[in-house]
Amino acid sequence: MAEKQEKKVTPRSQDFAGWYNDVILRAELADYSPVRGCIVFRPDGFAIWEALRDELDRRIKRTGARNAYFPLFIPQSFIAKEAEHVEGFSPELAVVTHGGGKELEEPLIVRPTSETIINHMFAQWIHSHRDLPLMVNQWCNVVRWEMRTRMFLRTTEFLWQEGHTAHATQAEAEAETLLMLDVYRNFGEEILAIPLLWGRKSAAERFAGAVETYTVEGLMGDGRALQCGTSHFLGQNFARAFNIRYLDDNNELQFAWQTSWGVSTRLLGALVMVHGDDQGLRLPPRVAPIQAVIVPIWRKAEERDQVLGAARSCLAPLERAGIRAYLDAREGLTPGFKFNDWEMRGVPVRIEIGPRDVAAGSVIMARRDIASKEAKVTASIGDLPAATNRLLDEIQTNLLTQARAAMAAQTRSFDDYEALRRQMEGEGGGGLAEIHWCEDPVCETRIREETRATCRAIPLNQQGTRGPCIVCGREGGRAFFAKAY
RNA sequence: CGGGGCGUGGCGCAGCCUGGUAGCGCACACGCUUGGGGUGCGUGUGGUCGCCGGUUCAAAUCCGGCCGCCCCGACCA
């Protein structure tokens, strides 16, 4: 019994943070590194990132942005050029003071984000309204010296995508900001199967240097919110700081209007926390490195050859049908062990094939999104690729449906401050609280200090939804508060 | 940076109080066995006991200092 326990991960309901770490380590998504706060992305974890990245990259390019790459090192003086930006990022900068054995004349900072160096270049590339809009994106690593780190959610170094655009008009830049928010939301729901709340950030939660920050927020399995992507309307703040000016069609100099937007490897943490269960990971098929695994079952040597032969003849048609399939032909491991192993790794579909199935020309299919023993079905070998594709589609849809239901179940409206406070009491999250808020930072601070919930998003669609602020009673719009990661 | 905990094979721990041969489970290697939900048995590999210094005939154990990690708070995608 005691040995049995070691094979399982910490139950999710018992200790969410312990469960989260166990799943990531056991599913081999990531490992700790010798450098504090930094993690290693193992092949299975990185493959998810690649799948996610490739799909998002296509969607970003479809909006007209093009990929580029800017340097890792930024002159220290650049950060200081935008007042709020420097204030926001100074505490968490990694600074390089020496190079080639000599102290540098001007220290270099390791980019925490690339606004400054990209805008420095934009200033040199933009002269005329004909140069606009200018839209670039880069996939890169950034470093922020965080005080407290958690795998994927907050690490000293992380990978992300950051888009930076410059436009001739405010309206155009604002439209771009909202367009990218929409890209993120659709991407999250269609590819990651994560339902997202979207809206505006409060002033306190705004990006350092932005006029307005928009966000997509996910709700994790423990009732805490996670910021899954942001899109910033920068106004002309950076244009003024970096002197990004263009001649308009009246031959007058104008500052450009700008945006920036990004998502990070934090999304891997969201995948774990939204879909995972006590059996381990549950991956949406669209990002699963292996979508279908074939587990052969045999007793005797002659069965082994026969079963493996049949299994191999199943594999090729699956691959031809565009399915990322894998045959687990490892010897010396029982089928039961393999079932649990692949469930831990979150593979959406498992195909079991043994002597009985070979004789019948069929296989057993098990799906990871539903308690598997009950959900096993038989499929004929000839129909396997089509049946697998159908099942993968179903799983993708079902994971989103399940996550939506979980989010809805943890979303409540409050008009009584005491009730809100009770809801947020205790460890773990308290779900999403929809309240009326006057947008006065004083009320926001009080909520944060007394309930530990923060403003996650202010919905963009506000018509006919005004009411008395839950704290002060003055009239305000709707806002979502939650305890967040 | 404040509060708490912990450093002993790859991982999880016991041993420390009361100094004297470094031990257990898992993992790993090999063999047999088993195989439709985490097989069982046997053999074996692997440790400067976080670091530095002190006490002692003798230190994982006692004393002093340092370092690192984890959890809880203040900052954050």
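What you see below is based on every heavy atom in this structure, not just the backbone, and it leaves out hydrogens, waters and symmetry mates. Chain identifiers are assigned alphabetically (A, B, ...) following the order of the sequence lines, protein sequences preceding nucleic acid strands; residue numbering begins at 1 within each chain.
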*Asks:* Between the base of B:A77 and the ring of A:Phe158 - centre-to-centre under 5.5 Å, planes within under 30° - is that a stack?
*Replies:* yes
*Asks:* Measure CG/A:Leu333 against C1'/B:G38 and give the value in whole Å, please.
*Replies:* 10 Å
*Asks:* To the nearest Å, give me how far apart CG (A:Leu25) and C1' (B:G12) are.
*Replies:* 13 Å
*Asks:* What interatomic distance, in whole Å, is found between C1' of B:G15 and the corresponding atom of B:C49?
*Replies:* 11 Å
*Asks:* Could you check which of B:U39, B:G37, B:G35 has an atom nearest any side-chain atom of A:Thr334?
*Replies:* B:U39
*Asks:* Rounded to whole angstrom, note down the P distance from B:G7 over to B:G12.
*Replies:* 11 Å
*Asks:* Does any nucleotide pair with B:G9 by Watson-Crick or G-U wobble geometry, both distances under 3.5 Å, and what is it?
*Replies:* none
*Asks:* Under 4.0 Å between a Lys/Arg side-chain N and an Asp/Glu carboxylate O for A:Lys338 and A:Asp341?
*Replies:* no
*Asks:* Could you check how far NZ of A:Lys300 sits from C1' of B:U33, rounded to whole Å?
*Replies:* 16 Å
*Asks:* Please classify the nucleic acid contact of A:Gly332 as base, sugar-phosphate, or nothing, using heavy-atom distances under 4.0 Å.
*Replies:* base
*Asks:* Looking at A:Tyr214, does the NZ or CZ of A:Arg200 lie under 6.0 angstrom from its six-membered ring centre and within 45 degrees of the ring axis?
*Replies:* no
*Asks:* Establish, for the pair A:Arg350 and A:Phe339, whether the NZ or CZ atom is under 6.0 angstrom from the six-membered ring centre and no further than 45 degrees off its axis.
*Replies:* yes
*Asks:* Mind checking A:Thr149 for me? I need base, sugar-phosphate or nothing, with any heavy atom below 4.0 Å counting as a touch.
*Replies:* nothing
*Asks:* Counting only Watson-Crick or G-U wobble pairs whose two distances fall under 3.5 Å, which nucleotide matches B:G2?
*Replies:* B:C72
*Asks:* Can you tell me, in whole Å, how much space there is between the C1' of B:C13 and that of B:U18?
*Replies:* 22 Å
*Asks:* Please report the distance, rounded to the nearest Å, between CD in A:Glu157 and C1' in B:A77.
*Replies:* 14 Å
*Asks:* If the P atom of B:G50 is compared with that of B:G10, how far apart are they to the nearest Å?
*Replies:* 13 Å
*Asks:* Which part of the nucleic acid does A:Ile364 contact within heavy-atom distance under 4.0 Å: base, sugar-phosphate only, or nothing?
*Replies:* base
*Asks:* Counting side-chain heavy atoms from CB outward, which of B:G38, B:G73, B:G36 is closest to A:Arg452?
*Replies:* B:G73
*Asks:* Looking at A:Arg345 and A:Glu28, does any basic side-chain N land under 4.0 Å from a carboxylate oxygen?
*Replies:* yes
*Asks:* Starting at atom CZ of A:Arg154, determine the distance to atom P of B:A77, rounded to an integer number of angstrom.
*Replies:* 8 Å
*Asks:* Ignoring hydrogens and angles, are the base of B:G35 and the side chain of A:Arg304 linked by a donor-acceptor pair under 3.5 Å?
*Replies:* no
*Asks:* For A:Gly354, answer base if it contacts any base atom (sugar-phosphate contacts may also be present), sugar-phosphate if it contacts only those atoms, and nothing otherwise; contact means non-hydrogen atoms under 4.0 Å.
*Replies:* base
*Asks:* How far, in whole Å, is B:U45 from B:U39 if one measures between their C1' atoms?
*Replies:* 23 Å
*Asks:* Using a 4.0 Å heavy-atom cut-off, does A:Arg330 contact any base of the nucleic acid, only the sugar-phosphate backbone, or nothing at all?
*Replies:* nothing
*Asks:* Using distance alone, with no hydrogens and no angle criterion, decide if A:Thr259 and A:Thr165 have a side-chain donor and acceptor under 3.5 Å apart.
*Replies:* yes
*Asks:* Take atom CZ of A:Arg144 and atom P of B:C76, then tell me their distance rounded to the nearest Å.
*Replies:* 11 Å
*Asks:* Before we go on, tell me: are the rings of A:Phe122 and A:His164 under 6.0 Å apart, centre to centre?
*Replies:* no
*Asks:* Tell me whether the side-chain N/O atoms of A:Arg26 come closer than 4.0 Å to OP1 or OP2 in B:C11.
*Replies:* no
*Asks:* Write down the distance separating the C1' atoms in B:G54 and B:C71, rounded off to the nearest Å.
*Replies:* 33 Å
*Asks:* Would you mind reading off the distance between A:Asp357 atom CG and B:G35 atom C1', rounded to a whole angstrom?
*Replies:* 14 Å
*Asks:* I want to confirm an ordering. Mapping A:Ala204 and A:Arg150 to their closest nucleotides on RNA chain B, which one lands closer to the 5' end?
*Replies:* A:Arg150
*Asks:* Using ring pair (Phe, Tyr, Trp, His ring centres under 6.0 Å), reason through A:Trp437 and A:Phe481 one step at a time and then give a plain yes or no.
*Replies:* CA-CA 10 Å; A:Trp437 172 45; A:Phe481 278 64; 5.6 Å; yes
*Asks:* So which nucleotide does B:A59 pair with, by the Watson-Crick or G-U wobble rule with both distances under 3.5 Å?
*Replies:* none
*Asks:* Name the closest nucleotide to the A:Pro335 side chain, picking from B:G35, B:G37, B:G38.
*Replies:* B:G35
*Asks:* For B:A22, which nucleotide in any strand shown is its Watson-Crick or wobble partner with both distances under 3.5 Å?
*Replies:* none
*Asks:* By nearest atom, which of the nucleotides B:C76, B:G38, B:G37 is closest to the A:Glu92 side chain?
*Replies:* B:C76
*Asks:* For B:C41, give its Watson-Crick or G-U wobble partner with both distances under 3.5 Å, or none.
*Replies:* B:G31
*Asks:* Nearest whole Å is fine: how far is B:C75 C1' from A:Glu205 CD?
*Replies:* 12 Å
*Asks:* Using a cut-off of 4.0 Å on non-hydrogen atoms, how would the nucleic acid contact of A:Glu352 be classed: base, sugar-phosphate, or nothing?
*Replies:* base
*Asks:* Compute the centroid of each ring, for A:Tyr184 and then for A:Trp198, and state whether the two points are separated by less than 6.0 Å.
*Replies:* no
*Asks:* Using the C1' atom as the point on both nucleotides, what is the distance between B:C62 and B:C75, in whole Å?
*Replies:* 42 Å
*Asks:* What's A:Trp298 touching, base or sugar-phosphate or nothing? Going by heavy atoms closer than 4.0 Å.
*Replies:* base
